[in-house]
Enquirer: 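Take this structure, written in structure tokens, and hold onto it; I'll ask about it next.
The basis for the numbers below is simple: all heavy atoms, side chains too, and nothing from hydrogens, waters or symmetry mates. If you're wondering where the values come from, they're calculated on a predicted model, not measured in any experiment.
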Amino acid sequence: CLVLLFEWMQGFVLLNNKDYEQAIGETEKAFKYSRKISSVYAQAINYIRLTECYLETGDLPKAVEMCNSAEKICEKNKFFYWKTVHSLRKIEIRLLDEKISLRMIIRELIALLKYIRDHNLFILEIEVYEMIVQIYKHLKSDKKAKLYFTHYKEKLLEACTGLPERDKQM
């Protein structure tokens, strides 16, 4: 299990540092180990992380493949948090389609937002606000973009409440 955790963390750090090719390699190692020890939960996480990596490298077919695999595992095993993360990644994939209805995507994000708020998933809440603001700005709906940007700022401030000043600056 420590090997899995190490490989997963390595992949996560590399992903956050935008070293996508190496992140793919480390996450694939973690994925292989998760299969070896039959950790379906870890497999779901790794599929989602691989989706993120492939999205960033522009390998859309591979991103879709990983996303679909994550969806099956999350649905079958009722991994609600990871299903929510998966839903956001699926929306990111769909946003790459120039013909997609952005209003429909906004409705989906707002519906997801209710679940996210009800379950206090503040990091995902911040991410959803970012996506909604960007879509409304793209649609030139400045009033709505400003409203959701206000929610975004409020959530960030709430998340920083009680943190030492040094950590708030990060």
Side-chain angles (χ1 to χ4, degrees), residues 11-20 23-24 27 44-170:
F12 183 71
V13 168
L14 290 164
L15 175 64
N16 284 329
N17 288 336
K18 301 183 185 321
D19 188 348
Y20 305 117
I24 290 169
T27 305
I45 297 168
N46 289 321
Y47 274 130
I48 290 168
R49 293 295 176 237
L50 286 168
T51 299
E52 294 166 347
C53 290
Y54 287 119
L55 267 171
E56 293 296 337
T57 61
D59 189 342
L60 189 57
K62 199 72 170 164
V64 169
E65 177 188 337
M66 297 296 112
C67 191
N68 289 341
S69 296
E71 183 172 29
K72 291 174 190 167
I73 291 176
C74 291
E75 286 288 329
K76 180 179 178 184
N77 295 283
K78 300 185 182 351
F79 297 150
F80 296 113
Y81 173 80
W82 291 106
K83 174 69 174 126
T84 306
V85 174
H86 162 268
S87 295
L88 292 173
R89 299 306 160 257
K90 191 172 181 178
I91 287 171
E92 286 180 39
I93 290 170
R94 290 173 48 229
L95 282 169
L96 296 174
D97 179 356
E98 294 173 5
K99 297 174 187 154
I100 193 76
S101 165
L102 295 177
R103 300 277 180 199
M104 183 177 70
I105 295 288
I106 287 173
R107 284 192 293 276
E108 289 176 32
L109 287 168
I110 290 170
L112 262 177
L113 195 54
K114 179 177 176 4
Y115 176 84
I116 288 168
R117 283 183 187 150
D118 288 349
H119 291 86
N120 298 313
L121 306 174
F122 79 94
I123 292 174
L124 297 183
E125 187 174 348
I126 290 167
E127 184 177 347
V128 169
Y129 288 140
E130 288 174 0
M131 293 172 80
I132 292 172
V133 168
Q134 289 175 14
I135 293 169
Y136 275 132
K137 284 300 282 180
H138 179 78
L139 293 171
K140 297 183 181 7
S141 182
D142 293 338
K143 190 174 179 180
K144 293 252 184 171
K146 186 176 180 177
L147 170 70
Y148 281 94
F149 185 70
T150 300
H151 292 312
Y152 169 79
K153 286 191 314 186
E154 289 169 355
K155 194 49 141 176
L156 282 177
L157 287 172
E158 180 185 321
C160 293
T161 301
L163 286 177
E165 197 57 41
R166 178 181 62 83
D167 292 342
K168 287 181 185 179
Q169 299 306 317
M170 295 169 66

Enquirer: Taking atom SG of C74 and atom CD1 of I48, what is their separation to the nearest 0.5 Å?
Expert: 4.5 Å
Enquirer: Considering only heavy atoms from C-beta outward, does the side chain of V85 approach that of I45 to under 4.5 Å?
Expert: no
Enquirer: Mind checking the CD-CG spacing from E65 to D59? Nearest 0.5 Å is all I need.
Expert: 9.0 Å
Enquirer: Could you please spell out the steps behind the side-chain contact (heavy atoms from CB on, under 4.5 Å) verdict for L95 and I135?
Expert: CA-CA 9 Å; L95 282 169; I135 293 169; 4.1 Å; yes
Enquirer: So which atom in K99 and which in D97 form the shortest heavy-atom distance, rounded to 0.1 Å?
Expert: N-OD1, 2.9 Å
Enquirer: If you round to the nearest 0.5 Å, how far is CD1 of I116 from OH of Y81?
Expert: 9.0 Å
Enquirer: Is E127 salt-bridged to K155, cutoff N-O under 4.0 Å?
Expert: no
Enquirer: Heavy-atom distance under 4.5 Å between the side chains of L88 and M131, does that happen here?
Expert: yes
Enquirer: Compare all side-chain heavy atoms of L124 with those of L112 and state whether any distance is below 4.5 angstrom.
Expert: no
Enquirer: Any chance you could measure I106, atom CD1, to L113, atom CG, to the nearest 0.5 Å?
Expert: 12.0 Å
Enquirer: Show your reasoning for whether side-chain contact (heavy atoms from CB on, under 4.5 Å) applies to Y115 and D118.
Expert: CA-CA 5 Å; Y115 176 84; D118 288 349; 5.7 Å; no
Enquirer: Considering residues, nucleotides and ligands other than I123, do more than 12 of their heavy atoms fall under 6.0 Å from its CD1?
Expert: no
Enquirer: Among all residues two or more places apart in sequence or in another chain, which pass the side chain to side chain donor-acceptor pair (under 3.5 Å) test with Y129?
Expert: R117, E125
Enquirer: Indicate yes or no: does D142 engage K146 in a salt bridge with an N to O separation below 4.0 Å.
Expert: no
Enquirer: Going by heavy atoms in the side chains, are T51 and I93 under 4.5 Å from each other?
Expert: yes
Enquirer: Just how far is it from atom CD1 of I73 to atom CG of N68, taken to the nearest 0.5 Å?
Expert: 11.5 Å
Enquirer: I need the I110 CD1 to I132 CD1 distance, nearest 0.5 Å.
Expert: 5.0 Å
Enquirer: Please tell me if the side chains of K90 and E108 come closer than 4.5 Å, counting only heavy atoms from C-beta onward.
Expert: no
Enquirer: Does E75 have any side chain to side chain contact (heavy atoms under 4.5 Å, CB included) partners at least two apart in sequence or in another chain, and if so, which?
Expert: E71, K83
Enquirer: Work out which heavy atom in A63 is nearest to a heavy atom in L55; give both atom names and the distance.
Expert: CB-N, 3.9 Å
Enquirer: Grab the two heavy atoms, one from Y152 and one from I126, that are nearest each other, plus how far apart they are.
Expert: CE1-CG2, 3.4 Å
Enquirer: Any ring-ring contact (aromatic ring centres under 6.0 Å, His included) pairs touching residues 44-78, not counting sequence neighbours?
Expert: F31-Y47
